[in-house]
Structure formats: structure tokens, C-alpha cells
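Keep in mind that the numbers below use all heavy atoms, side chains included, and drop hydrogens, waters and symmetry copies.
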Amino acid sequence: MNLLSVDEARERILSKFQSVSTETLPLAEALRRVLANDITAADALPPFDNSSMDGFAVRAADIADANPASPRRVRVVADIPAGAAPTVSLTAGTAARIMTGAPMPAGADAVVPVEETDFQNRGTGSAAPEFVEIRSAVGAGGYVRPRGSDVRAGETVLKKGRALKAQDLGLLATLGFAHLSVYRKPRVGLFSSGDELLDVNAPLAPGKIRDSNSYMLAGLIESAGAEVVKLGVAKDNFGAVKSLLDEAARVKVDLILSSAGVSVGAFDYVKSALESNGSMDFWRVNMRPGKPLAFGAYQGIPFIGLPGNPVSAFVGFEVFVRAALGRLGGLLVSGRQTVRVRSEEEILSDGRESYLRALIREENGVWVARLTGHQGSSNLLSLAQADALLIIPAGVKCVPAGQEINAWIL
Ligand code: AMP
Ligand code: MG
């Protein structure tokens with residue numbers, strides 16, 4: 001078996017995935033969902049010129065000489081609260097009281113904030129004065145938010161393939177998108193395998209450990225925007241694995257994900273079960289942790305078999321499965337955010353592409369990283385403590401202290 005690079009393995013996997021179908025959702029249900037088309041604004045934002053302050057809409061030329069020592073007095077001819085549609089048109093020497101967000105009246109080209117006037121009665125329901133003294137000049141356009149200054153009509157504001165954030169929902173609401181076309185959530189059938197595995201409720205027994213991968217991987221799947229279909233734990237025999245695979249096919253998942261049973265060992269039945277109605281390859285990937293990786297299909301559904309060791313399973317998910325779920329779910333960009341970090345210590349590696357658990361902190365504007373103790377692939381505590389994975393490229397055997405490398409933020 002030849003050794004695959006991480007990139008080669010990921011490309012091979014990605015080539016088998018395409019995006020799932022789309023569905024229409026009400027805006028309120030669309031958080032974190034992935035847009036299935038570009039969003040183009042039908043209206044300009046703001047839709048009309050409006051005031052950014054409580055104050056007086058004026059003609060800037062009328063008050064060009066105003067200052068505290070010699071204020072300008074103008075006649076107040078209208079009162080424009082937010083929500084009003086003013087019909088007045090300002091002529092020379094007149095003004096309109098105006099509230100934040102209220103439309104500018106015709107003829108006005110600036111707003112004087114109430115603080116710059118002699119009108120200090122700002123209580124709710126207070127009547128507009130008959131005259132107001134303007135104590136400072138405001139240039140044309142001052143304190144006015146022009147129509148279309150945020151968004152132009154016809155502008156593409158969000159791209160297909162974007163996972164919607166809360167602020168996007170706000171933007172979509174203001175543009176009137178009550179329903180959205182999004183990719184449906186990819187469904188991932190998840191199972192663990194191994195005779196040694198107990199459920200979280202069970203007391204420990206000789207030779208047994210609790211199944212941690214099911215819980216960790218379910219969390220990762222959800223974090224990638226997909227839905228988990230829990231298939232349970234397969235015992236180490238052909239029939240047990242096959243019946244879970246059949247169940248995955250019956251409930252129509254988009255990906256079957258398992259952990260363990262992919263090291264070439266006497267007790268690994270995953271391969272023969274898959275091959276009873278599909279195919280499976282063992283790959284040796286030039287990475288650490290997580291060298292063995294299984295990839296295949298069962299009844300036409302893609303299958304990824306991660307290593308059993310929890311940290312290997314985690315890294316395998318981040319390196320391969322997150323990208324596959326991104327492709328399935330229509331995401332334009334998937335994967336953890338990458339930052340440059342400076343290693344505080346010398347790091348030795350064996351030349352494989354290595355993903356190391358680390359804590360990062362900011363020091364004088366740079367990110368500095370320190371490994372979180374023992375890097376064994378079964379050590380979950382150091383994974384839980386880490387807030388980043390340092391990536392040591394293939395071929396590198398030593399990262400000297402002080403050198404910068406890439407890291408994924410966890
Ligand atoms: P295997 O790939 O089956 O040889 O498993 C490799 C290691 O991972 C063994 O120490 C297993 O006990 C451990 N392991 C396998 N599955 C899980 C799981 N679901 N949760 C925690 N550890 C596991
Ligand atoms: Mg096993």
C-alpha cells in the first residue's frame with residue numbers, strides 16, 4: 001500500500017460528493033443554514049433619505065453662518081416622527097423637527113442635532129416649537145443617511161454557499177426575504193465499532209471502555225451543519241456491522257461515518273461488511289495522528305471509516321469529513337479558521353503531516369502556541385484542553401522555537 005498525502009486523500013474523497021437538494025425555509029429557521037442562491041437586493045437600503053439624529057431638518061445654506069455667539073433662527077413648519085411620510089417642502093428660512101430614522105422632507109439637505117439648538121424639550125409627546133435657534137452650521141448632507149447608502153437596489157449582498165449568521169438574518173429581513181432557498185441538512189449515519197465499547201451510562205467493567213467517539217463525532221457533525229442519525233455501536237463481527245450499514249441505507253443518509261475497525265487487524269469486520277454490498281479501500285495517509293483511513297461506499301452511499309483512537313478520529317474528521325460535509329451541504333468555504341502562530345518551543349516531528357494539540361495566546365500582537373502536554377492519539381484530555389491544532393507540514397522534522405506555522409482554531 002502506498003502512502004497518500006493528506007491533500008490527495010482529501011481530493012479523492014471530495015470527488016465522490018456533490019451538494020444535496022435544496023428546500024425553502026422561513027427566515028426565522030434559517031440560522032446556520034446554507035444559501036442555495038445569491039441574494040440580490042430588490043430595494044435600496046435605506047429605502048429613503050432619512051435623519052441619523054433627533055433634531056431639525058434644514059437647508060444647509062440657511063444656517064451656514066450659525067455659531068453659538070450668533071445663532072440662526074428658523075421657522076419650524078413641520079414635525080416628522082419616524083414612520084411618517086412628509087408632504088411638506090422646506091423653503092428658505094424654514095425647518096422641520098425630525099426624529100432619527102424619519103424621512104427627510106423635500107427641500108431639506110441636512111439635519112442639525114437637537115443638542116446644537118435652543119430647543120431642549122425632548123420629552124415624549126413634546127410639541128415642536130414655532131421657531132428654533134440653530135447654534136452651529138452643518139454642511140449639506142450632514143446627519144442624513146442617503147437612500148441606497150448601505151445597499152444599492154440590484155446589488156448582490158450574500159453569496160450562494162454562505163452559512164447564514166444572525167447578522168445575515170437581519171440583513172435578509174430588512175430586504176424583505178421572508179423565505180429562503182437553502183440546502184437541506186446533510187444526514188450522516190454514525191456508528192462506533194468495537195466489543196470493548198460501553199454506553200456512557202454503563203459502569204466500567206474489566207477490559208471495557210466507554211464509547212466516546214459517538215458523542216464527540218456527533219458534536220462535530222452538528223458543528224459542520226449536518227444532522228446526525230445515530231446508528232449505535234457495532235460489535236466486532238460481520239453481522240453486527242452489516243446490520244448497521246443496512247439500517248443506514250434504509251433511512252437514506254448522505255454519508256456513513258464510523259470509527260474504529262479500520263486498522264488492518266484480525267478483529268476488523270468493517271471491510272468485509274462493506275464489501276458485501278459495496279466497496280472499501282484502506283488508505284495509509286501520510287499524517288499523524290490518524291494514518292489509517294477507510295473510504296468506500298455501501299449501497300451507493302459514501303462511507304468514511306475513521307480510526308478508533310479518539311484524537312485520531314477527531315483529526316480525521318477535521319481533515320476529511322468536515323470538507324466532505326461542506327461539499328454535501330453546499331458550503332462555499334468549510335474548515336476551521338487558519339491563523340499563523342509562533343511556536344514557543346521546539347517541536348520535533350517524524351516527517352508526516354502532523355496535527356498537534358496546543359494552547360494559543362496573544363503576545364504583543366502575535367499568536368504564541370504551546371503544546372498541551374502528551375500528544376498520544378488516545379489522550380482526550382489534552383484534546384479537550386487545546387484551543388488549536390498546530391499543523392506541521394509533511395517533510396518537516398523540526399520546528400525551531402520561535403518559528404511561525406499554521407494552526408486551526410478549535
Ligand atoms: P481499533 O481501530 O478498533 O483498533 O481501535 C483503536 C483504539 O481506539 C482502541 O484502543 C479502541 O479501544 C479505541 N476506540 C475504538 N472505538 C472507540 C470509541 N468509540 N470510543 C473510544 N475509544 C475507541
Ligand atoms: Mg476495534
**Asked** Side chains of T24 and S181: do they bring a donor and an acceptor to under 3.5 Å?
**Response** no

Q. Between L331 and L325, is any pair of side-chain heavy atoms under 4.5 Å apart?
A. no

Q: In plain terms, say whether R33 and E23 are close enough for a salt bridge, that is, a side-chain N and a carboxylate O under 4.0 Å apart.
A: yes

Does one side chain, of S349 or S354, offer a donor that lies under 3.5 Å from an acceptor on the other? yes

Output for pair (D211 CG, E196 CD), nearest 0.5 Å, gives 9.0 Å

With the side chain counted from C-beta on, respond yes when V270 and M280 share a heavy-atom pair under 4.5 Å apart, and no when they do not. yes

Under a 4.5 Å cut-off applied to non-hydrogen side-chain atoms, are L90 and V58 in contact? no

- Item | D246/R250 ion pair, N-O < 4.0 Å | no

State, without any angle test, whether S343 and Q403 hold a side-chain donor-acceptor pair at a distance under 3.5 Å.
no

**Study point:** Heavy atoms of other groups near R135 CZ, more than 12 under 6.0 Å
**Key:** yes

Side chains of R327 and S334: donor-acceptor distance under 3.5 Å anywhere?
no

_Any carboxylate oxygen within less than 4.0 angstrom of a Lys/Arg side-chain nitrogen, looking at R147 and D49?_
no

Notebook entry, point to check: Would a 4.5 Å heavy-atom cut-off, applied to side chains only, mark I39 and R162 as touching?
Noted result: no

- request: Flag yes if more than 12 heavy atoms outside K230 fall under 6.0 Å of its NZ atom; otherwise flag no.
  value: yes

| query | Do N50 and R145 have side-chain atoms, one donor and one acceptor, less than 3.5 Å apart? | reply | yes

**Asked** So, are D254 and R184 salt-bridged, with charged N and O less than 4.0 Å apart?
**Response** yes

| message | Could you tell me if the side chain of N406 sits less than 4.5 Å from the side chain of R340, heavy atoms only? | response | yes

Check: V188 and V229 side chains under 4.5 Å, non-hydrogen atoms: no

Can E344 and R361 be counted as an ion pair, charged N to O under 4.0 angstrom?
yes

Next on the checklist: Check this for me: does any side-chain nitrogen of one of K165 and D168 sit under 4.0 Å from a carboxylate oxygen of the other?
Outcome noted: no

Q) Do Y355 and R288 have side-chain heavy atoms sitting under 4.5 Å apart? A) no

Check your understanding: Do K271 and E275 meet the salt-bridge criterion of a basic N to acidic O distance under 4.0 Å?
Key -> yes

Both conditions, 6.0 Å and 45 degrees, for the charged tip of K242 above the ring of Y269: are they met here?
no

**Prompt:** Given side chains that start at C-beta, do those of K160 and L332 come closer than 4.5 Å, heavy atoms only?
**Reply:** no

- Does the side chain of T156 come under 3.5 Å of the side chain of D38 through a donor N or O and an acceptor N or O? no

**Asked** Got a salt bridge between E318 and R336, using NZ or NE/NH1/NH2 to carboxylate O under 4.0 Å?
**Response** yes

To the nearest 0.5 Å, atom CG of L164 lies from atom CG of L172 at 6.0 Å

Which of L389, D387, I360 passes side chain to side chain contact (heavy atoms under 4.5 Å, CB included) with I409? Answer is I360

On a heavy-atom basis, the closest approach of F119 and A127 is CZ-O, 3.5 Å

Self-check item: K185 bridged to E227 by N-O distance under 4.0 Å
Solution: no

